[in-house]
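Scroll down for the structure; my scribbles are underneath it.
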Amino acid sequence: MNVNSDFSRKAVVNTHDVSWKASPVPGITRKPLDRIGDEVARTSTIVKYEANSAFTSHEHGAGEEILVLDGVFADENGTYPAGTYIRNPPGSHHAPYSTEGCTLFVKLRQFHPEDLATIRINTKTANWYPGMVTGLSVMPLHEFDGVGCALVRWAPNTIFNPHVHPGGEEILVLEGVFHDEHGSYGAGTWIRSPRYSRHAPFTKSEGAIIYVKTGHLDYALT
């Protein structure tokens, strides 16, 4: 299965407009954002666990990255409420479930093979740091070999400098409305911009909080 698999092209998906698709496990549905492969795939996906649903124990041969969007996610290693950022490195395994139900943003098989850190961050309590311009705050989540991941909080009416992303950029708008010269993107919008793409982002009166990942599309070409 291929979904938005041409990484040389910009992809924009309003996740609210995408239908849920069944997974192999009852009670767990998915919205693929990009995907290369069948059940074992390089993919970015919105995943929904109904209450009292569980996935079978499995290994992540090339890593798994999760941001819990709502509800409470769990596995044998812990319980992760909304706002938790999780990295399960290559070779890790778990048996995930949700007692009350949850929605996740999940990225699979996108790790550098030497990126072996296990990470758990509660973004509701972690520190924000000043960004490069007034009105911008950044919460670093992870960085390895030129690939960076963070939450970025935009105050209303913040303007960032025009810039280029040599290794590409991926954004999930979590709150508010994010803008650039190419369009306006409300909460729930996923944007993947190709290598060497350029934009001049800003916010208006709503402000925004976004998940942002940069540099990782170099790996999509190898």
Side-chain angles (χ1 to χ4, degrees), residues 1-76 79-88 90 92-111 149 168-175 177-178 183-194 209-213 216-217 219-221:
M1 177 191 297
N2 287 342
V3 177
N4 290 321
S5 57
D6 184 350
F7 290 87
S8 68
R9 300 176 63 87
K10 183 175 182 177
V12 178
V13 177
N14 182 340
T15 64
H16 299 303
D17 293 339
V18 180
S19 299
W20 293 104
K21 300 183 184 300
S23 80
V25 178
I28 300 176
T29 52
R30 305 180 290 200
K31 295 182 178 185
L33 306 176
D34 65 17
R35 190 177 187 91
I36 300 174
D38 295 320
E39 193 52 36
V40 177
R42 181 203 191 281
T43 183
S44 302
T45 311
I46 304 294
V47 179
K48 183 177 182 180
Y49 282 65
E50 300 294 343
N52 299 311
S53 59
F55 208 88
T56 51
S57 181
H58 56 278
E59 180 177 324
H60 292 292
E64 176 186 53
E65 178 182 359
I66 297 172
L67 180 63
V68 183
L69 302 177
D70 63 44
V72 180
F73 177 67
D75 61 18
E76 65 270 38
T79 300
Y80 316 107
T84 307
Y85 176 76
I86 301 164
R87 290 182 72 87
N88 295 318
S92 60
H93 60 86
H94 66 161
Y97 64 94
S98 182
T99 301
E100 66 180 63
C102 63
T103 307
L104 315 173
F105 174 57
V106 180
K107 296 177 67 63
L108 295 174
R109 304 186 69 82
Q110 299 180 41
F111 281 39
C149 181
E169 180 187 51
E170 183 174 345
I171 289 171
L172 180 65
V173 183
L174 303 175
E175 297 180 19
V177 183
F178 179 72
S184 299
Y185 317 99
T189 305
W190 175 82
I191 309 147
R192 191 192 68 212
S193 300
I209 297 177
I210 63 174
Y211 158 98
V212 60
K213 192 176 189 75
H216 62 305
L217 296 190
Y219 295 143
L221 305 179

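Just so it is clear, the model here is predicted, and its values are computed rather than measured. Numbering of residues begins at 1 and proceeds along the displayed sequence.
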Legend entry - Side-chain heavy-atom pair W190, V18 within 4.5 angstrom cut-off: no
Legend entry - Straight-line distance of L33 CG to T43 OG1, nearest 0.5 Å: 7.0 Å
Inset, instruction - Rounded to the nearest 0.5 Å, what's the gap from OG on S44 to CD on Q110? Could you check? - result: 4.0 Å
Legend entry - Side chain proximity check, P194 to R9, heavy atoms < 4.5 angstrom: no
Inset, instruction - Determine the sole option in V177, V173, I210 for which the side chain to side chain contact (heavy atoms under 4.5 Å, CB included) test with Y185 is passed. - result: V173
Inset, instruction - Check whether any side-chain heavy atom of C102 lies under 4.5 Å from a side-chain heavy atom of Y80, and answer yes or no. - result: no
Legend entry - Any donor-acceptor N/O pair, S23 side chain to I28 backbone, under 3.5 Å: yes
Inset, instruction - Nearest 0.5 Å please: distance from the CG atom of L217 over to the CD atom of E169. - result: 9.5 Å
Inset, instruction - Find out whether F105 and I66 are in side-chain contact, i.e. whether some heavy atom of one side chain is under 4.5 Å from a heavy atom of the other. - result: no
Inset, instruction - Not counting sequence neighbours, which residues clear side-chain hydrogen bond (donor to acceptor under 3.5 Å, both in side chains) with S98? List them please. - result: none
Legend entry - Pairwise side-chain contact, T103 with V47, heavy-atom cut-off 4.5 Å (strictly under): no
Inset, instruction - Please report the shortest heavy-atom distance between A95 and E76, naming the atom on each side. - result: N-OE1, 2.8 Å
Inset, instruction - Report the residues that fulfil salt bridge (charged side-chain N to carboxylate O under 4.0 Å, His left out) with R87, sequence neighbours left out, ordered by chain and then residue number. - result: E65, D115
Legend entry - Y49: partners by side-chain hydrogen bond (donor to acceptor under 3.5 Å, both in side chains), with sequence neighbours left out: none
Inset, instruction - Report the C-alpha separation of N52 and T99 in whole Å, then their side-chain angles, then the decisive distance to 0.1 Å, and conclude whether the side-chain contact (heavy atoms from CB on, under 4.5 Å) test is met. - result: CA-CA 4 Å; N52 299 311; T99 301; 3.8 Å; yes
Legend entry - Interatomic distance, K21 atom NZ to K31 atom NZ [nearest 0.5 angstrom]: 10.5 Å
Legend entry - Side-chain touch F55/H94, heavy atoms, less than 4.5 angstrom: no
Inset, instruction - Give a yes or no on whether the backbone of V106 and the side-chain of E64 come within a donor-acceptor separation of less than 3.5 Å. - result: no
Inset, instruction - Check each of K107, R192, K213 against E170 using the side chain to side chain donor-acceptor pair (under 3.5 Å) test, and report the only one that passes. - result: K107
Legend entry - Rounded distance (nearest 0.5 Å) linking atom OG1 of T15 with atom CG of L69: 8.5 Å
Inset, instruction - Verify side-chain contact (heavy atoms from CB on, under 4.5 Å) between L67 and L174, making sure each step is shown before the conclusion. - result: CA-CA 11 Å; L67 180 63; L174 303 175; 4.0 Å; yes
Inset, instruction - Grab the two heavy atoms, one from A62 and one from P90, that are nearest each other, plus how far apart they are. - result: C-CG, 4.0 Å
Legend entry - Spacing of CZ belonging to F7 relative to NE2 belonging to H216, to within rounding of 0.5 Å: 8.0 Å
